[in-house]
Amino acid sequence: GTSTFMEALAANGTSNIQSSVTGVSASKRRFIDDRRDQPFDKRLRFSVRQTESAYRYRDIVVRKQDGFTHILLSTKSSENNSLNPEVMKEVQSALNTAAADDSKLVLFSAVGSIFCCGLDFIYFIRRLTDDRKKESTKMAEAIRNFVNTFIQFKKPIIVAVNGPAIGLGASILPLCDVVWANEKAWFQTPYTTFGQSPDGCSSLTFPRIMGLAS
């Protein structure tokens, strides 16, 4: 089981592991355009989705390996592995299944050169054209349920970060047990830039990990 787990990590670009936190002040789209190290490899997505023993979802791929569950973000309904309610529900479903089966842990990673670009703002803005209060409540509930799934998951969650982790894609990391990042990974929480309040419990977890001053 251990060798299979390490092979899965190596396949996600984490054979040389290091962690880093990089400060960047620009918009999300500019983050990705300026700092992307390689174009998104659609062949990789196809290869992963064709893997035998993989459970097909629309926006994620789930592999049941020897002793663990491997969940990969591979979004079709959003760009750059961004999170919208559909993506979050699929991740929740996969985690709930892993919580109930014989998996000893979960490996969470992503397909391509980007780990997770946070919330899919385009998706949310489009749904605010009608009843803003109703839609805002639905969005908040979706995010709350997504974050609570990570908090309440009782088995270890190992995250392999293979590229940019922005916003909610970064703030959920302290809710996991181990975060492994390769040399192409960087982290940004641009809440003040976009006029957001911190999400993913980061106003509590970040000071505990990095210290209040940082």
Side-chain angles (χ1 to χ4, degrees), residues 8-45 47-48 59-61 70-88 90-91 106-125 143 146-147 150 157-203 205-206 209-210 214:
L9 281 172
N12 281 272
T14 53
S15 52
N16 296 320
I17 298 168
Q18 69 179 46
S19 60
S20 62
V21 179
T22 305
V24 184
S25 56
S27 69
K28 282 188 179 181
R29 192 168 296 277
R30 186 177 177 185
F31 289 158
I32 300 305
D33 290 341
D34 291 350
R35 292 180 173 256
R36 185 184 330 220
D37 291 291
Q38 60 187 27
F40 185 82
D41 192 345
K42 293 184 178 179
R43 292 174 300 174
L44 178 59
R45 170 183 283 171
S47 174
V48 172
D59 292 299
I60 65 173
V61 176
H70 191 179
I71 301 174
L72 301 97
L73 287 174
S74 180
T75 58
K76 285 188 174 181
S77 64
S78 67
E79 294 183 0
N80 300 322
N81 290 334
S82 297
L83 300 170
N84 59 42
E86 282 74 18
V87 180
M88 290 188 280
E90 290 195 355
V91 173
V106 164
L107 172 61
F108 188 52
S109 61
V111 175
S113 59
I114 298 169
F115 174 69
C116 180
C117 207
L119 291 174
D120 184 355
F121 285 114
I122 295 176
Y123 177 98
F124 290 124
I125 290 171
I143 297 169
F146 177 72
V147 172
F150 281 84
I157 300 178
I158 315 300
V159 187
V161 183
N162 60 319
I166 303 171
L168 188 58
S171 63
I172 61 170
L173 297 179
L175 304 178
C176 304
D177 298 276
V178 177
V179 179
W180 284 1
N182 69 8
E183 65 279 0
K184 296 179 180 179
W186 51 275
F187 308 86
Q188 176 68 16
T189 51
Y191 298 122
T192 54
T193 302
F194 295 107
Q196 287 181 276
S197 58
D199 53 21
C201 304
S202 56
S203 58
T205 59
F206 283 10
I209 294 171
M210 295 183 284
S214 296

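Rounded to the nearest 0.5 angstrom, D120 CG and L168 CG are separated by 12.0 Å. Atom-to-atom distance recorded for D177:CG and F108:CZ is 13.5 Å, nearest 0.5 angstrom. Atom CD1 of I143 is separated from atom CG of L119 by 4.5 Å, given to the nearest 0.5 angstrom. Atom OG1 of residue T75 and atom CD1 of residue I114 lie 9.0 Å apart, to the nearest 0.5 angstrom.
In plain terms, the two heavy atoms of F206 and S171 that are nearest each other are CZ-CA, 3.9 Å. Closest heavy-atom contact between Q188 and W186: CB-CZ3, 4.1 Å. Nearest heavy atom pair, residue V161 against residue A165, reads CG1-CB, 4.3 Å. Taking each heavy atom of P164 and S113 in turn, the nearest pair found is CD-O, 3.4 Å. Scanning all heavy atoms of the two residues, the minimum distance from M88 to L83 falls at CG-CB, 4.1 Å.
Legend: residues meeting side-chain hydrogen bond (donor to acceptor under 3.5 Å, both in side chains) with E86, ordered by chain and number and at least two apart, are Y123. Taking the side-chain contact (heavy atoms from CB on, under 4.5 Å) definition, one finds that T205 meets it with P174, L175, C201, S202, sequence neighbours left out.
Residues I172 and F146 have side chains in contact (heavy-atom distance under 4.5 Å, counting atoms from C-beta outward). For the pair N162/S109, no side-chain contact is recorded, criterion being any heavy-atom separation below 4.5 Å from C-beta on. A 4.5 Å side-chain heavy-atom check between L73 and V91 finds at least one atom pair inside the cut-off. The side-chain heavy atoms of F115 and I166, taken from C-beta on, include no pair separated by under 4.5 Å.
With hydrogens and angles ignored, the 3.5 Å screen pairs a side-chain donor or acceptor of D59 with a backbone N or O of S77.
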